[in-house]
Amino acid sequence: MVTIKVVHYINQFYAGIGGEEKADHRPEVREGVVGPGMAFQKTFGEEAEIKATVICGDTYFNENLETATSEVIAMIEKYSPDVVICGPAFNAGRYGVASGAVAKAVHEKLGVPVVSGMYPENPGVDIYKKYAYIIETANSAVGMRKAVQPMAKLVIKLARGEQVGSPEDEGYISRGIRQNYFAAERGSKRAVNMLINKLKDVDYTTEYPMPVFDRVSPSAAIKDITKAKVAVLSSGGPVPKGNPDHIESSSASKYGKYSLQGIDDLNPENSETAHGGYDPVYANEDLDRVLPVDVLKEMEKAGEIGSLYEYWYATVGNGTSVANAKKFAAEIAGELKSSGVDAVILTST
Amino acid sequence: MRLEVGNIMIKDVQFGAKTEVNNGILFVNKEELAQITGDDDHISSVEVFLAKPGEQTRIIPVKDVIEPRVKVSGNGGVFPGFISNVDMVGEGRTNVLKGAAVVTTGRIVGFQEGIIDMSGPGAEYTPFSKTMNVVVKVDPIEGLHQHEHERVVRLAGFRAAEYLGQAGKNIEADSVQVFETKPLLEQVNEYPNLPKVAYVYMLITQGLLHDTFVYGVDAKHILPTIIYPTEMMDGAVVSGNCVSACDKNTTYSHQNNPIIHDLYAGHGKDFNFIGCVITNENVTLSDKERSSNMTAKLVEFMGADGVIISEEGFGNPDADLVMNCSKIEKKGIKTVLVTSEYAGRDGASQSLADSSEYGDAVISVGNANEIITLPPMKTVIGYPEVADIIAGGFDGSLGEDGSITAELQVIIGATNELGFGCLTARES
């Protein structure tokens, strides 16, 4: 069997360099195990090997977040690990944040899974739980022995690409990530069983707790629309003919920005919808039905609105994640604001 | 209404001189099937293929899957309002070629059709990798309008399934199941001490490739209504949709609705299953309000203590699901919801587009955004190039080697909201 390669990230204290007075210690890398790495190596036996330990002082890391992260990542990358361990940091706040930041960078830049360990109230948990499996630990190093076992077990599972169990089964803090798996019984049977329990007032666990949404309060009304610069954008997928940016028909990963210069009317020759979630026939016959450019241009000429912003933005709302939608919206809103747009007509389908 | 369902177990399907069932083998006269399937002036060509479990075969784009059935006795015939007259169905005896299925494919109509892989990782996610599939590739004449194209292929599939089903008419069934639901007052009185349970069966009705039909009627235009569960088994409700194929109900899914089957399994023991309410998922707010009002009223009228509500689709229909749930719960009737999730490719976003504090009992059939890689297959039936544009695919989905990297969305039945499969999602 091929030995699993692990790199371990720890702070100056666990490396035995010193406490607070040494917290400005700059990143360094040492071959093999250091400090708590010994306990992990003992648990791994022959299955996995800690190739290197990267050490950084907590103060240095937190005060130089960007530089420290890239220094640490460069050190880790050299060993092409299968899994990275950060900590455990218990309830040490700055150590938790540093471990989390390393986890995030490893996840995003190297695409390697990360296992960490923290006390649930460690600030590193909330910020970074998405990027690592963080085993729930005691609030101090007294819990080291108890933390090592489940952390080591997850390291092996992740390296082998095995299915990771639920937070309860594996002992990690829920990452807030929905993950598919095959249950023992089909969905219809589970539904019938849940209804039986609900009717009997017996405890049952919903498989999906209903989401909580942001509420956005509307801006103040426009005082004089004949002076306002109006933009039009849509999640109904209105794009130039041929969908030049290849916006997906469902689960859009991008949006497009298109010029309205020289367009007074949307028609089957110059535009179409990229949306796969509704009957596209009527939109493709006359895309003004989704993005009312014809009417807005007339209103602009007649002085009924100040002006029409020269670009339109479009994405596909169908099955698109809230995270992507938020990201698109933040970018688009920023551009609209800096272009002096006063009002936006946002159409959906 | 009492229906006997005779299951004739089909172990294999082969081409033969005569269409017949012999010792569990379905023989198909290819020419005759093609001729009957293509019996429409709007069809230019029909090709017939076989796709069996374990084969390295991919079918793309899939429009519908239909189970061959035949009425042996009792009122009416299969697919009333389309293939047979609009008689009431759901009683008497129906024979089923269990294990066989008709799959329709052909030139793409919209963005919306799905994929079936007969082996490999994709096969795990679709029930139609386990059936002996008779695939009819139906291509229309040039210049046919999209709505017509969809209708033509839909009806061609029903003709094919009805034709094959006839082969089971005089064959002795390997097993017989009996399903019975009595007229409401009698049914209520049969088990007076058991809680009364109904099923709210939501049907997607949003236009091209998003439609469902009931006794030949476009379900957009129905008011919610009560039906006997056995009516479904004779094809009273059929599919006209496959948009984001993972969580759409094929005609096969309607014929074999597992919620109905599992409710019958507990009927008379854990509860009294008193019937179904079918409702639609239209696109306007007033339609949604009207249909959910009527649905809540009907389940109250039936005297239900609890209901299972299954959604079809996602996003816009989440609003219908939530309205049905809250309005029914407000009447003191308990609900369990069955839905798919769209939590993003990384699983980190909210899974539904609408929410209600009443929705405290939800069955998840999985996150449809999860990415899967489907390896290249030896045989591809249909048109593989559509992988980049179908819902769940993206620019570059189709690899040069013929592999497909896309969301689970592309696989027909992967997150079926009738709970056909075992897939689910959890917090991790």
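In what follows, chains are A, B, ... by sequence order, proteins preceding strands, each numbered from 1.
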Would you mind checking which part of A/Val316 comes under 4.5 Å of any heavy atom in chain B, side chain (CB onward), backbone (N, CA, C, O), both or neither?
neither

Checked B/Gln146, B/His145, B/Glu370, B/Glu357 vs chain A; the most non-hydrogen pairs under 4.5 Å come from B/Glu370

Best-contacting candidate, B/Gly393, B/Pro195, B/Gly396, B/Gly207, against chain A by heavy atom pairs under 4.5 angstrom:
B/Gly207

Chain A heavy atoms under 4.5 Å from B/Asp305: which part of the residue, side chain, backbone, both or neither?
both

Side chains of B/Asn369 and A/Arg178, heavy atoms from C-beta outward: is any pair under 4.5 Å?
no

Which one, B/Val307, B/Asn257, B/Thr415, leads in non-hydrogen pairs under 4.5 Å with chain A?
B/Val307

Could you name the residues of residues 419-428 of chain B that have a heavy atom within less than 4.5 Å of a heavy atom in chain A?
B/Gly419, B/Phe420, B/Gly421, B/Cys422, B/Leu423, B/Thr424, B/Ala425, B/Arg426, B/Glu427, B/Ser428

Checking B/Val197 against chain A: side chain, backbone, both or neither under 4.5 Å from a heavy atom?
side chain

A/Phe182: what forms a ring-ring contact (aromatic ring centres under 6.0 Å, His included) with it, not counting sequence neighbours?
B/Tyr125

Residue A/Ala184 versus chain B: region with a heavy atom under 4.5 Å:
backbone

Are any of the side-chain heavy atoms of B/Thr335 and A/Lys198 separated by less than 4.5 Å?
yes

Could you report the tightest heavy-atom contact between B/Leu208 and A/Val281, atom names first, then the distance?
CD2-CG2, 3.8 Å

Is a side-chain N or O of A/Asn180 found less than 3.5 angstrom from the main chain of B/Asn367, in a donor-acceptor match?
yes

Indicate the atoms forming the closest heavy-atom contact of A/Ser321 with B/Ser349, along with that distance.
CB-OG, 3.4 Å

Side chain, backbone, both or neither of A/Gln179 within contact of chain B (heavy atoms, under 4.5 Å):
both

Say whether, by atom type as modelled, one donor and one acceptor occur between the side chain of A/Ser249 and the main chain of B/Ile389 under 3.5 angstrom.
yes

A/Glu248 side chain to B/Phe394 main-chain N or O, any donor-acceptor pair under 3.5 Å?
no

Best-contacting candidate, B/Ala343, B/Ala348, B/Gly392, B/Ser397, against chain A by heavy atom pairs under 4.5 angstrom
B/Ala348

Heavy-atom distance under 4.5 Å to chain A: side chain of B/Glu407, backbone, both or neither?
side chain

Name the region of B/Gln206, side chain, backbone, both or neither, that has any atom closer than 4.5 Å to a heavy atom of chain A.
both

Contact class of A/Ile196 relative to chain B, heavy atoms under 4.5 angstrom:
side chain

Please name the pair of heavy atoms, one in B/Asp360 and one in A/Thr206, separated by the smallest distance, quoted to 0.1 Å.
O-CB, 3.4 Å

Can you say whether B/Leu408 sits under 4.5 Å from chain A via the side chain, the backbone, both, or neither, judging by heavy atoms?
side chain

If every non-hydrogen atom of B/Ala353 is compared with every non-hydrogen atom of A/Phe213, which pair is closest and at what distance?
C-CZ, 3.8 Å

Which atom names give the shortest non-hydrogen contact between B/Gly359 and A/Met210, and what distance separates them?
O-CG, 3.2 Å

Turns out that what part of A/Ser253 lies under 4.5 Å from chain B's heavy atoms comes down to side chain

Any chance the side chains of B/His147 and A/Asp279 put a donor and an acceptor closer than 3.5 Å?
yes

Of the listed A/Ile173, A/Leu195, A/Ile247, A/Asn193, the one with the largest count of heavy-atom pairs under 4.5 Å with chain B is A/Leu195

Heavy-atom contact with chain A under 4.5 Å, split by part of B/Ile259:
both

Give, as side chain, backbone, both or neither, the part of B/Ala265 having an atom under 4.5 angstrom from any heavy atom of chain A.
neither

Can you list the residues of residues 164-171 of chain A that sit under 4.5 Å from chain B, counting heavy atoms only?
A/Val164, A/Gly165, A/Ser166, A/Pro167

Highest number of heavy-atom pairs under 4.5 Å with chain B among A/Ala252, A/Gly277, A/Pro209, A/Pro280 belongs to A/Gly277

For the residue pair A/Val192 and B/Ile308, establish whether any side-chain heavy-atom pair is separated by less than 4.5 Å.
yes

Per-residue contact mode, A/Ala325 against chain B (heavy atom under 4.5 angstrom):
neither

Is there a side-chain contact between A/Glu207 and B/Ile363 in this structure, where contact means two heavy atoms from C-beta onward sitting under 4.5 Å apart?
yes

Does any backbone or side-chain atom of B/Pro258 lie under 4.5 Å from a heavy atom of chain A? Answer side chain, backbone, both or neither.
both

Answer yes when A/Lys200 and B/Asp270 have at least one side-chain N-carboxylate O distance shorter than 4.0 Å, and no when they do not.
no

Flag side-chain contact, heavy atom, 4.5 Å: B/Arg345 against A/Ser251
yes

Is the backbone of B/Glu341 close enough, under 3.5 Å, to the side chain of A/Tyr208 for a donor and an acceptor to pair up by distance?
no

Using heavy-atom distances under 4.5 Å, tell me whether B/Asp354 contacts chain A through its side chain, its backbone, both, or neither.
backbone

Among residues 122-134 of chain A, which residues come closer than 4.5 Å to chain B, judged by heavy atom distances?
A/Lys130

Considering only heavy atoms from C-beta outward, does the side chain of A/Asn318 approach that of B/Phe314 to under 4.5 Å?
yes

Please report the closest heavy-atom contact between B/Ser364 and A/Arg190, naming both atoms and the distance.
O-NH2, 3.0 Å

